Amino acid sequence: MATTPSRDVAARLGEAFADYAPSAEGRDIVTIRPEYGLVIGGAERPAADGATITTIDPSTGDALARVAEAGAADVDAAVAAARRAYDGAWGAASPRDRAKLLFRLARLLQDRAREFAVLETLDGGKPIREARDVDVPLAAQHLFYHAGWADKLEYAVPGMRARALGVVGQIIPWNFPLLMAAWKLAPALACGNTVVLKPAETSPLTALLLAELVDEAGFPPGVVNVVTGAGATGAALVDHPGVAKIAFTGSTAVGKGIRRALAGRGVRLTLELGGKGAHIVFDDAAIDQAIEGIVDGIFFNQGHVCCAGSRLLVQETVAGDVMERLRARMELLRVGDPLDKNTDVGAINSHSQLVRIREFVDGAVEEGCAVHQPSRGVPDAGFFYPPTLVTDVGGSERIAREEVFGPVLTVQSFRTEREAVDRANSTRYGLSAGVWTEKGARILWMADNLHAGVVWANTFNRFDAASPFGGVRESGFGREGGRHGLEAYLDLTPVRA
Ligand code: ADP
């Protein structure tokens, strides 16, 4: 099992970090230990029953490390540690102290940005360019942003007294492991809660490294606990009577199960679930820019994005032109080694996800759709799937209705704004949508009528810590980011006049 794949990594990275200041003199690009324990009460320990899971590099299939798999007893210990911290040092910390520690954590993350980016790419398969330019900077931005709120909560929700909830359980998915950890931890800690965080089983390493920085920053032990494991570990956290709130990001199926499990228990819940985002291009749009937006909308992070623009709707008058340019652009996409800075589309996160994507596309063909893929192939080793267009789509096919979570875009055309909106809304999801048009009034009308928590205009997949993110319908409820995101971690009572 690899422990320090630095030399190999350095060769594969080439000049990906040529424009980056080195994190620390002489430090290895990344050090991966053979084994990782659970982080409970500021100390690392194996699972009580010794269980482990192996996390792999999906671009090679090689094992990276063994990680403890927490059972119910471990989850119980983590919640107890979080409670002790809440009743003790963290509860006693002033808002300004919380801010100071979050600022420090954000800076530590920036200092080690390169290491985090490489580790994220190794463990998850995303292109290093994305890990470097999106995941890590945005994770740091969330920590900075929420550090700023920690001592200003009385202004966040005027007229209300804001108190922390207590111990918060946070369950995150495998597609943005570090970023989701930061999205979840930053508001929870800013608001004064303590946390038990459950990373996803296929990509736990950056959350564990972040936990090391939490300690280094000086947070009291037990404020952030990390229980690695799979679904059963998450379920044990949901079932634990000591958590005041569960924040979950993941599939709609699991999210529904969590909501059922919490029914009637008085535990707060926010769910950020799947999506089937419509990406709508009108004939007056700047087509070249729209093409870049479409490509980014579906091929960013191999399409492992809940808010991906996975359904392209093109106005009939420009459909031929858009398809021609899109196909030409797809020929230029490089699918391959995620550590290569020129890679556009990295590895599929797991073998099971690769199988699922294949099943979706094969099923689409059986249902009468046409499939287009670029002429260059994909690497043989590891888990890769080519960027894929699915045309001749009626709308009732499985691929048009369900979330694929892969680099697969369905295409349909429309004539009028009304038809575009109706098509876009003909889904059980409601997370994201995108509109490309030069007409401001049309953008506003579309935004009013689209059933989506986030509507982008003349861009796609843009995120900012100040901007609330979340869904409607079966894409979930609650917001993350912005002032709205704080409310999910606060107990609010009216201030008496
Ligand atoms: P995906 O289908 O994208 O893998 P999941 O919803 O299965 O998404 O996983 C998201 C997160 O939820 C992961 O951390 C996973 O381990 C966790 N999880 C899976 N099943 C359950 C469950 N029954 N209860 C709580 N957490 C779960």
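Indexing begins at 1, ligand by ligand and atom by atom, following the structure's order. Note that the structure is a prediction, hence the values are computed from the model and not measured.
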>> Between ligand 1 and Pro199, can you find any atom pair, the residue atom being a heavy atom, that is separated by under 4.0 Å?
In response: yes
>> If the cut-off is 4.0 Å to any non-hydrogen atom of Gly234, which atoms of ligand 1 fall inside it?
In response: 24 (N), 25 (C), 26 (N)
>> Within the 4.0 Å heavy-atom shell around Gly250, which atoms of ligand 1 are there?
In response: 6 (O), 10 (C)
> Relative to the heavy atoms of Glu201, which atoms of ligand 1 are at a distance of less than 4.0 Å?
Replying inline: 13 (C), 15 (C), 16 (O)
> Of the protein's non-hydrogen atoms, which lies at the shortest distance from atom 24 (N) of ligand 1, and what is that distance?
Replying inline: Ala235 N, 3.4 Å
>> I'd like to know whether ligand 1 has Ala230 as a neighbour, heavy-atom separation below 4.0 Å.
In response: yes
> For ligand 1, which atoms, with element, lie under 4.0 Å from some heavy atom of Ile172?
Replying inline: 11 (C), 13 (C), 14 (O)
>> For Leu409, run the side-chain contact (heavy atoms from CB on, under 4.5 Å) check against Val390, Leu326, Val404 and tell me which one passes.
In response: Leu326
> Numbering the atoms of ligand 1 from 1, which are under 4.0 Å from a heavy atom of Lys198?
Replying inline: 13 (C), 14 (O), 15 (C), 16 (O)
> Going by an N to O cut-off under 4.0 Å, is there a salt bridge joining Arg104 and Glu216?
Replying inline: no
>> Could you tell me, atom by atom, which parts of ligand 1 come under 4.0 Å of a heavy atom of Ser251?
In response: 2 (O), 5 (P), 6 (O), 7 (O), 8 (O)
> Any idea which protein heavy atom is nearest atom 21 (C) of ligand 1, and the distance to it?
Replying inline: Val254 CG1, 3.4 Å
> Would you call Glu35 and Arg66 a salt bridge, using N to O less than 4.0 angstrom?
Replying inline: yes
> Among Lys245, Glu487, Glu480, which residue meets the side chain to side chain donor-acceptor pair (under 3.5 Å) test with Thr270?
Replying inline: Lys245
> Does atom 9 (O) of ligand 1 have any protein heavy atom closer than 4.0 Å?
Replying inline: no
> Of all the atoms in ligand 1, which lie at a distance below 4.0 Å from a heavy atom belonging to Ala200?
Replying inline: 14 (O)
>> Return the closest protein heavy atom for atom 12 (O) of ligand 1 as residue, atom name and distance.
In response: Phe248 CE1, 3.2 Å
> Testing Asn342, Asp340, Thr343, Asp344 for side chain to side chain donor-acceptor pair (under 3.5 Å) with Arg129, which one passes?
Replying inline: Asp344
> Polar-atom distance check: Trp174 versus ligand 1, any N or O pair below 3.5 Å?
Replying inline: yes
>> Show the atoms of ligand 1 that are less than 4.0 angstrom away from any heavy atom in Ile171.
In response: 11 (C), 12 (O), 14 (O), 17 (C), 25 (C), 26 (N)
> Would the number of heavy atoms belonging to other residues, nucleotides or ligands and lying under 6.0 Å from CZ of Arg265 be above 12?
Replying inline: yes
Which pairs would a plain distance check flag for residues 365-373, meaning a side-chain donor or acceptor within less than 3.5 Å of a matching protein atom at least two apart in sequence or in another chain?
unit_1, atom_1, unit_2, atom_2, d
Glu367, OE2, Arg398, N, 3.1
Gln373, NE2, Tyr385, OH, 3.4
Gln373, NE2, Thr388, OG1, 2.9

>> Using the rule given for ring-ring contact (aromatic ring centres under 6.0 Å, His included), can you reason through Tyr145 versus Trp183, listing the C-alpha separation, both sets of side-chain angles and the distance that settles it, and then say yes or no?
In response: CA-CA 10 Å; Tyr145 175 82; Trp183 274 36; over 10 Å; no
>> A side-chain contact here means heavy atoms from C-beta on lying under 4.5 Å apart; do Phe460 and Ser432 qualify?
In response: yes
>> Between Glu201 and Lys198, does any side-chain N to carboxylate O distance fall below 4.0 Å?
In response: yes
> In terms of residue, atom name and distance, what is the protein heavy atom nearest to atom 20 (N) of ligand 1?
Replying inline: Gly231 CA, 3.5 Å
